Amino acid sequence: MRALVIDDSRVTRRIISNIMEDLGYEVMLAEHGLEALQRLEQYGTPDVVLVDWNMPVMDGLEFIKAVRADTAYVDLPMMMITTETEMERMELAFTAGVNEFVMKPFDSEMIEAKLQLLGIGDCK
């Protein structure tokens with residue numbers, strides 16, 4: 001199983017990466033949405049994408065829209081992990097094509113529960 005983790009914070013990328021590795025995932029990292037699109041091109045489709053909203057260059061919402069515009073990624077599970085907790089913002093993310101939403105701060109149990117909701121949990 002492979003995961004793509006996208007966040008402009010090196011610390012947050014490392015925390016999410018450690019959680020995903022503990023769950024048995026091979027992890028690819030990106031600092032912003034544009035870099036993440038390049039990772040998809042380079043390494044192919046992962047089993048799940050975990051993406052922050054607020055990032056430079058290309059934010060998470062723009063990334064999700066770009067991915068969903070490509071039919072090759074129509075079924076790619078995407079989870080937004082962010083501090084954006086207003087209902088209007090969450091609605092924007094779901095409308096753009098995100099499958100699950102995790103609010104910061106988070107822990108490994110929250111991530112694992114969302115993966116299970118996506119049908120890709122219990123991967124230990």
Side-chain angles (χ1 to χ4, degrees):
M1 303 278 290
R2 296 183 316 137
L4 174 58
V5 175
I6 313 160
D7 199 297
D8 59 321
S9 164
R10 182 178 304 158
V11 172
T12 303
R13 279 195 313 271
R14 179 58 25 214
I15 291 168
I16 298 170
S17 178
N18 288 343
I19 290 169
M20 296 305 289
E21 287 171 354
D22 287 348
L23 293 172
Y25 284 82
E26 176 187 330
V27 178
M28 298 176 288
L29 302 173
E31 194 171 329
H32 51 74
L34 187 58
E35 184 179 15
L37 291 175
Q38 294 166 347
R39 294 283 180 271
L40 289 175
E41 219 174 274
Q42 281 179 303
Y43 300 109
T45 307
D47 296 287
V48 65
V49 172
L50 299 95
V51 58
D52 184 26
W53 189 310
N54 297 304
M55 298 178 289
V57 184
M58 176 186 273
D59 69 27
L61 190 63
E62 292 169 328
F63 169 80
I64 290 164
K65 288 177 181 178
V67 167
R68 289 300 186 223
D70 187 333
T71 57
Y73 303 119
V74 70
D75 294 323
L76 176 60
M78 291 193 283
M79 183 186 317
M80 185 162 271
I81 302 177
T82 184
T83 57
E84 297 289 342
T85 59
E86 298 84 18
M87 289 306 291
E88 299 82 24
R89 301 289 275 179
M90 291 174 67
E91 184 179 334
L92 275 175
F94 283 119
T95 300
V98 76
N99 302 96
E100 283 297 333
F101 208 91
V102 175
M103 297 173 200
K104 292 178 182 176
F106 58 89
D107 59 25
S108 61
E109 290 80 22
M110 293 168 73
I111 300 291
E112 190 169 12
K114 293 294 184 171
L115 290 170
Q116 289 173 358
L117 286 174
L118 291 171
I120 53 177
D122 293 323
C123 47
K124 285 185 181 179

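Quantities reported herein were computed from a predicted structural model and do not represent experimental measurements.
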Parallel, tilted or perpendicular for F94 and F101, by the 30°/60° rule?
-> tilted
Are the side chain of E35 and the backbone N or O of E31 linked by a donor-acceptor pair below 3.5 Å?
-> yes
Kindly work out whether a path of hydrophobic side-chain contacts (I/L/V/M/F/W/Y, heavy atoms less than 4.5 Å apart) joins L61 to L40.
-> yes
Answer whether the closest heavy-atom distance between the side chains of M80 and V102 falls below 4.5 Å.
-> no
Kindly indicate whether the side chain of E109, heavy atoms from C-beta on, has any atom under 4.5 Å from the side chain of E112.
-> no
For the atom pair CG (L115) and CD1 (I120), what is the distance rounded to the nearest 0.5 Å?
-> 5.0 Å
Note, D8 side chain near P56 side chain (heavy atom, < 4.5 Å) = yes
Listed partners of E100 passing salt bridge (charged side-chain N to carboxylate O under 4.0 Å, His left out), at least two apart = K114
Count the heavy atoms belonging to other residues, nucleotides or ligands that lie under 6.0 Å from CD of E41, then report whether that count exceeds 12.
-> no
For residues F106 and I15, determine if any side-chain heavy atom of one lies less than 4.5 Å from a side-chain heavy atom of the other.
-> yes
Tightest non-hydrogen contact, residues F63 and G33, listed as CD1-O, 3.5 Å
Within one Ile-Leu-Val-Met-Phe-Trp-Tyr cluster: I19 and M28, side-chain cutoff 4.5 Å | no
Compare all side-chain heavy atoms of R68 with those of M78 and state whether any distance is below 4.5 angstrom.
-> yes
Under a 4.5 Å side-chain heavy-atom rule over Ile, Leu, Val, Met, Phe, Trp and Tyr, are L117 and V51 clustered together?
-> no
Are L29 and L37 co-members of a hydrophobic cluster defined by side-chain heavy atoms under 4.5 Å apart?
-> no
Salt bridge (charged side-chain N to carboxylate O under 4.0 Å, His left out) partners for K104, two or more places apart | D7, D52
Note, P46 side chain near V27 side chain (heavy atom, < 4.5 Å) = no
In this structure, are over 12 heavy atoms from other groups packed under 6.0 Å from E91 atom CD?
-> no
Nearest-0.5 Å distance that lies between atom CG in L50 and atom OG1 in T12 = 12.0 Å
All heavy atoms of L34 vs all of M58, minimum pair found to be N-CB, 3.5 Å
Any I6 side-chain heavy atom under 4.5 Å of M55 side chain = yes
One should read off an interatomic distance between R13 CZ and N18 CG, to the nearest 0.5 angstrom, of 12.5 Å
Verify same cluster id: W53, I16 (apolar side-chain graph, 4.5 Å) = no
Min side-chain heavy-atom separation N54-T83 under 4.5 Å | yes
Given the options M1, R2, M20, V48 meets side chain to side chain contact (heavy atoms under 4.5 Å, CB included) only with M20
